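Worth saying up front: this structure is predicted, and the values here are computed from it rather than measured. All residue numbers in this chain count up from 1 along the given sequence.
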Amino acid sequence: MQEKLANICDEIQKKIYQETTVEFGEEFVKRWTNPNFVGRLETYTHMAKVKPSCGSVLEIYIVLDEDKIKEISFYTDGCGSDFVCAEVACELALGKTKDQVLALESKHILEVIPKLPLDKHGALYPPLKALQEALQKS
């Protein structure tokens with residue numbers, strides 16, 4: 001019985017990944033299923049917490065060293081789009097100077113995950129806002 005249930009769960013998960021790939025694209029699913037930047041840093045130099053209009057929470061943690069982002073991570077309790085947009089924002093910010101990060105725009109995130117549906121574009125802005133807030137708190 002357990003094996004049958006496990007097989008059913010596996011099939012459901014495969015279907016979810018397939019449908020998500022069709023709607024959101026492979027790059028989105030890759031970052032959703034294999035994130036590199038999720039988690040709260042215990043030691044950081046800059047941090048910001050924002051609350052998007054959808055009601056979720058997004059926290060960005062940064063280690064800035066000699067004006068470059070050496071380490072970065074995020075935490076969110078939001079949806080998949082919130083999660084992936086924050087993941088991409090962290091990826092784009094890593095290794096950049098403060099000024100380069102402050103110049104990031106939503107179009108830069110969309111260049112990485114171009115199939116993000118229009119009704120999910122609200123998720124593009126909170127990670128950028130969090131990066132700006134964190135870096136402007138010097």
Side-chain angles (χ1 to χ4, degrees):
M1 181 68 169
Q2 282 183 321
E3 187 176 328
K4 186 177 181 180
L5 181 59
N7 288 339
I8 291 170
C9 290
D10 287 346
E11 287 303 313
I12 291 170
Q13 190 63 62
K14 282 182 193 175
K15 186 167 176 78
I16 290 169
Y17 287 154
Q18 288 170 346
E19 290 176 4
T20 304
T21 300
V22 168
E23 186 174 351
F24 290 82
E26 284 185 37
E27 286 300 317
F28 184 98
V29 173
K30 182 175 92 175
R31 284 164 173 78
W32 179 42
T33 58
N34 296 299
N36 293 311
F37 301 99
V38 67
R40 293 176 168 119
L41 293 179
E42 289 187 27
T43 305
Y44 52 87
T45 58
H46 296 71
M47 185 269 189
K49 180 178 181 177
V50 296
K51 294 185 179 185
S53 60
C54 64
S56 64
V57 172
L58 172 64
E59 300 167 1
I60 294 277
Y61 299 86
I62 297 170
V63 174
L64 192 68
D65 186 27
E66 295 182 19
D67 198 42
K68 284 197 176 184
I69 294 187
K70 299 294 183 190
E71 197 171 352
I72 187 167
S73 71
F74 74 93
Y75 164 81
T76 185
D77 61 2
C79 67
S81 296
D82 288 340
F83 184 93
V84 173
C85 288
E87 174 75 14
V88 172
C90 288
E91 178 182 315
L92 293 172
L94 185 65
K96 302 284 191 313
T97 66
K98 184 177 174 179
D99 288 341
Q100 289 172 318
V101 173
L102 291 174
L104 287 175
E105 298 178 21
S106 59
K107 68 181 180 182
H108 299 117
I109 296 173
L110 279 174
E111 288 170 359
V112 178
I113 49 170
K115 285 190 74 175
L116 184 70
L118 188 58
D119 67 335
K120 303 294 183 186
H121 280 203
L124 294 165
Y125 305 103
L128 298 172
K129 181 179 179 185
L131 285 168
Q132 291 171 351
E133 286 185 15
L135 293 172
Q136 290 173 345
K137 292 181 192 174
S138 294

Query raised in the report: Counting heavy atoms not belonging to E26, are there more than 12 under 6.0 Å from its CD?
Result: no

Query raised in the report: Under 6.0 Å between the ring centres of F83 and F74?
Result: yes

Report task. Using a cut-off of 6.0 Å, state whether more than 12 heavy atoms not belonging to K115 lie near its atom NZ. Result -> yes

Report task. Could you walk me through whether I69 and K96 pass the side-chain contact (heavy atoms from CB on, under 4.5 Å) test, one step at a time? Result -> CA-CA 6 Å; I69 294 187; K96 302 284 191 313; 5.7 Å; no

Query - Side chain proximity check, D65 to T45, heavy atoms < 4.5 angstrom - result: no

**Report entry** Same apolar cluster: L104 and V88, side chain cutoff 4.5 Å
**Finding:** yes

Requested in this report: Run the numbers on N36 and L94 for side-chain contact (heavy atoms from CB on, under 4.5 Å), then give the verdict.
Outcome: CA-CA 11 Å; N36 293 311; L94 185 65; over 6 Å; no

Query raised in the report: Heavy-atom distance under 4.5 Å between the side chains of F24 and I113, does that happen here?
Result: no

**Report entry** L110/H121 under side-chain contact (heavy atoms from CB on, under 4.5 Å): CA gap, chis, key distance, verdict
**Finding:** CA-CA 9 Å; L110 279 174; H121 280 203; 3.7 Å; yes

Query raised in the report: What is the distance from atom CD1 of I16 to atom CD of E11, rounded to the nearest 0.5 Å?
Result: 11.5 Å

Requested in this report: Rounded to the nearest 0.5 Å, what's the gap from CD on E111 to CG on L92? Could you check?
Outcome: 8.5 Å

Query raised in the report: What is the minimum heavy-atom distance between E133 and K49, and which atoms define it?
Result: OE1-O, 4.1 Å

Query raised in the report: With a 4.0 Å cut-off, would you call E27 and R31 a salt bridge?
Result: yes

Report task. Carefully, step by step, assess I62 and L131 under the rule side-chain contact (heavy atoms from CB on, under 4.5 Å). Result -> CA-CA 9 Å; I62 297 170; L131 285 168; 3.9 Å; yes

Query raised in the report: Minimum heavy-atom separation for Y61 to G39, with atom names?
Result: CD1-O, 4.3 Å

**Report entry** Crowding at CD, E3 (>12 non-hydrogen neighbours, <6.0 Å)
**Finding:** no

**Report entry** Heavy-atom donor-acceptor pair, D67 side chain to T97 backbone, under 3.5 Å
**Finding:** no

Report task. Inspect the contact between E19 and K15 and indicate whether a charged nitrogen and a carboxylate oxygen are less than 4.0 angstrom apart. Result -> yes

Report task. Indicate whether the side chain of D82 and that of S56 have a donor and an acceptor atom separated by less than 3.5 Å. Result -> yes

**Report entry** Donor-acceptor under 3.5 Å (Q100 side chain, A93 main chain)
**Finding:** no

Report summary line: Note: C85 and A123 closest approach over all heavy atoms is CB-O, 3.2 Å

Requested in this report: Determine yes or no for a side-chain-to-main-chain donor-acceptor pair under 3.5 angstrom, with K129 supplying the side chain and K51 the backbone.
Outcome: no

Requested in this report: Evaluate the side-chain proximity of S81 to F28: yes if any heavy-atom separation is below 4.5 Å, no if none is.
Outcome: yes

